[in-house]
Amino acid sequence: MDTNTLSPVTSPVTRPRAVERLVQGQATSDGAGVKLTRVLTQNLQRRLDPFLMLDAFGTDNPGDYIGGFPDHPHRGFETVTYMLQGRMRHRDSAGNEGLLVPGSVQWMTAGRGVIHSEMPEQEDGAMEGFQLWLNLAAKDKMRDPWYRDIGSETIPEYRAAGVTARVIAGHTHGVDGAMQRATTEPLYLDLHLEPGARFEQPLAPEFNAFVYVYRGELVLGDQIVRRQRMVILANTPGSDGIVLTAGAEPAKAILIAGRPLGEPIAQYGPFVMNTNEEIYQAVEDFRAGRLA
Ligand code: FE2
């Protein structure tokens, strides 16, 4: 039996979204002095609902990462860490432990609360990757914590002429990603494009979407998007997806999209809830040792 016939047919994108704006991100540090670029900052949380944060880290200097992220709490959302280079060990208060290596992903649901550490398991060499925060719906914020280590070799890939898409979450061109989430239906692709290669992603206009370029440059419409820039795609009414093309060099970028929750967002550091009262409760629970 030809199983390909069971794959959903992907229609071409004929009315691509417009580019809304380019974002440079903010150089900052977090944890115990880890230098990083906060690409999706707090002022973009409403615009890019259900995504709360995207950090890009990338350095050859151990002094920029060696402190790591010692024990800290989370409540109310999910963290998705994708390593490109380097090794990072995570441990949490539920007794889970795992090692992130190049090409692997850790997907962690903080739910009602977890305390964890994320520490480099190397003293020299490059460390590069991303951490994305995906919000949980109000009904799911206090669920049990959960996590999954996703090995690089288990991440499905879609291949076409000049294109490899690593499908971390969601679906593309009939390929199911490593992770699916019901409410927000997140799409998380790592795109590797040969010079001039074109990639299309069908997407409903109500989904919020952005692209971060980490090698080479991309062309979207008449806009050139250079390395280390994020582009926010407009929710153009009547649009049917995203079209992007690599420039004259090989390009790599992550493409992220999701269905907005449309719920109030209350954040205090590592706690993201819907109301200030829930934030006070999270802080109180943490202080009382109820997150461990
Ligand atoms: Fe964390």
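Bear in mind the structure is a predicted one, so any value in this text is a computation, not a measurement. Counting starts at 1 for both ligands and their atoms, following the listed order.
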Practice prompt. Considering only NZ, NE, NH1 and NH2 on the basic side and carboxylate oxygens on the acidic side, decide whether Arg166 and Glu153 come within less than 4.0 Å.
Written response: no
Worksheet item: What is the name of the N/O/S atom in Glu118 that sits closest to the Fe ion (ligand 1)?
Response: OE1
Item to complete: Calculate the angle formed at the Fe ion (ligand 1) by NE2 in His74 and NE2 in His116; 10° precision is enough.
Response: 90°
Worksheet item: Given side chains that start at C-beta, do those of Ile256 and Asn208 come closer than 4.5 Å, heavy atoms only?
Response: no
Practice prompt. Could you go through the salt bridge (charged side-chain N to carboxylate O under 4.0 Å, His left out) check for Arg227 and Glu217 one step at a time?
Written response: CA-CA 6 Å; Arg227 184 171 166 260; Glu217 57 188 37; over 6 Å; no
Discussion item. Closer than 4.0 angstrom, basic N to acidic O: yes or no for Arg112 and Asp285?
Written reply: no
Worksheet item: When you measure from the Fe ion (ligand 1) to each N, O or S atom of His72, which atom gives the shortest distance?
Response: NE2
